[in-house]
Amino acid sequence: MVLAVTSEERDGWTVLRVAGEIDLVSAATVRTRVHEAVAEGRRRLVLDLSEVQFCDSSGVGVLIAARRLMRSCAGELRLAIPGRHEDGRESRVQRVFNALGVRRLFDIHPDADSAVAAPPGSGGGRAGQGAVPLSA
């Protein structure tokens with residue numbers, strides 16, 4: 001599956017919707033789109049990963065780099081990752097994050113709407129208001 005990244009502005013946030021597979025080849029596309037948003041002066045970014053079908057360690061590396069970039073420019077990064085899909089399957093991205101132990105690094109929300117609407121400091125990868133609990 002080909003990776004697609006679309007962008008929209010919502011309530012002061014730039015939402016990048018990522019669909020497809022984030023792997024060694026396609027991860028550069030996500031990195032480029034994040035860098036473009038920062039170069040355009042965007043400092044509040046949501047990466048909506050709800051339509052990501054596959055994510056390997058290259059994809060996780062790009063997400064960690066995006067986090068680092070946003071922090072370096074006093075920006076804010078939130079991820080939208082459903083705990084489970086509508087059919088009950090656990091999100092593949094969620095599974096990879098849990099396996100690699102990187103969940104705690106990110107401000108994770110179940111969807112883009114809640115990521116945009118959440119008050120500052122509501123996520124951070126911890127269970128709580130707006131965040132997806134570890135067991136989800």
Side-chain angles (χ1 to χ4, degrees):
M1 177 179 251
V2 176
L3 181 77
V5 182
T6 58
S7 177
E8 69 174 292
E9 298 299 316
R10 292 179 47 198
D11 298 327
W13 289 85
T14 298
V15 178
L16 295 179
R17 294 188 189 283
V18 183
E21 299 181 354
I22 307 175
D23 58 20
L24 182 61
V25 175
S26 64
T29 301
V30 177
R31 179 176 40 253
T32 298
R33 293 299 299 270
V34 169
H35 281 265
E36 288 172 352
V38 170
E40 293 169 0
R42 311 287 192 245
R43 295 299 181 264
R44 298 172 75 195
L45 184 65
V46 173
L47 290 176
D48 183 352
L49 306 177
S50 59
E51 295 182 40
V52 170
Q53 303 302 315
F54 174 81
C55 182
D56 68 8
S57 60
S58 301
V60 173
V62 165
L63 297 174
I64 291 171
R67 175 186 178 266
R68 189 178 316 121
L69 174 64
M70 294 307 292
R71 291 177 75 123
S72 74
C73 66
E76 190 172 354
L77 175 68
R78 294 179 177 177
L79 303 182
I81 306 172
R84 298 204 175 270
H85 293 287
E86 290 177 8
D87 63 5
R89 292 178 298 117
E90 181 180 30
S91 160
R92 290 183 176 149
V93 176
Q94 191 80 265
R95 208 172 343 162
V96 169
F97 272 41
N98 288 338
L100 295 176
V102 297
R103 244 185 100 72
R104 64 182 171 71
L105 299 176
F106 296 98
D107 185 352
I108 299 175
H109 300 267
D111 54 50
D113 290 338
S114 62
V116 167
S122 63
R126 296 175 302 273
Q129 182 181 5
V132 178
L134 288 174
S135 60

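Only a predicted model underlies this, so the values are computations on that prediction, with no experimental measurement involved.
Counting only N and O atoms by type, the side chains of Asp111 and His109 include no donor and acceptor under 3.5 Å apart.
Looking at residues two or more places apart in sequence or on another chain, you find a side chain to side chain contact (heavy atoms under 4.5 Å, CB included) between Asp23 and Glu21, Val25, Ser26, Phe54, Asp56. Evaluation of the side chain to side chain contact (heavy atoms under 4.5 Å, CB included) rule for Val96 yields Val60, Leu100 as partners, not counting sequence neighbours. Checked against side chain to side chain contact (heavy atoms under 4.5 Å, CB included), Arg68 has the following partners two or more places apart in sequence or in another chain: Ile64, Ala65.
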Exercise for the section: Mind running side-chain contact (heavy atoms from CB on, under 4.5 Å) on Phe106 and Ile81 for me, showing each step along the way? Expected result: CA-CA 11 Å; Phe106 296 98; Ile81 306 172; over 6 Å; no
Exercise for the section: Test side-chain contact (heavy atoms from CB on, under 4.5 Å) on Val52 and Arg92 and set out the steps. Expected result: CA-CA 8 Å; Val52 170; Arg92 290 183 176 149; over 6 Å; no
Exercise for the section: Please step through side-chain contact (heavy atoms from CB on, under 4.5 Å) for the pair Arg33 and Ser7, ending with a clear verdict. Expected result: CA-CA 9 Å; Arg33 293 299 299 270; Ser7 177; 3.4 Å; yes
Exercise for the section: Before giving the answer on side-chain contact (heavy atoms from CB on, under 4.5 Å), spell out for Val5 and Thr32 the whole-Å C-alpha distance, their side-chain angles and the decisive distance to 0.1 Å. Expected result: CA-CA 10 Å; Val5 182; Thr32 298; over 6 Å; no
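Other residues, nucleotides and ligands place more than 12 heavy atoms under 6.0 Å from the CZ atom of Arg10.
Put simply, the side chain of Arg78 never gets that close to the backbone of Asp107: no donor and acceptor are under 3.5 Å apart. Judged by distance alone, the side chain of Arg67 and the main-chain N or O of Leu77 form no donor-acceptor pair under 3.5 Å.
Cluster partners of Leu24 are absent, since no Ile, Leu, Val, Met, Phe, Trp or Tyr has side-chain heavy atoms less than 4.5 Å from it. The other residues sharing a hydrophobic cluster with Val46 are Trp13, Val15, Val116, where clustering joins ILVMFWY side chains under 4.5 Å apart.
Identified under the side-chain hydrogen bond (donor to acceptor under 3.5 Å, both in side chains) test for residues 39-49, with sequence neighbours left out: Glu9-Arg42, Thr14-Arg42, Arg17-Asp48, Asp48-Ser50.
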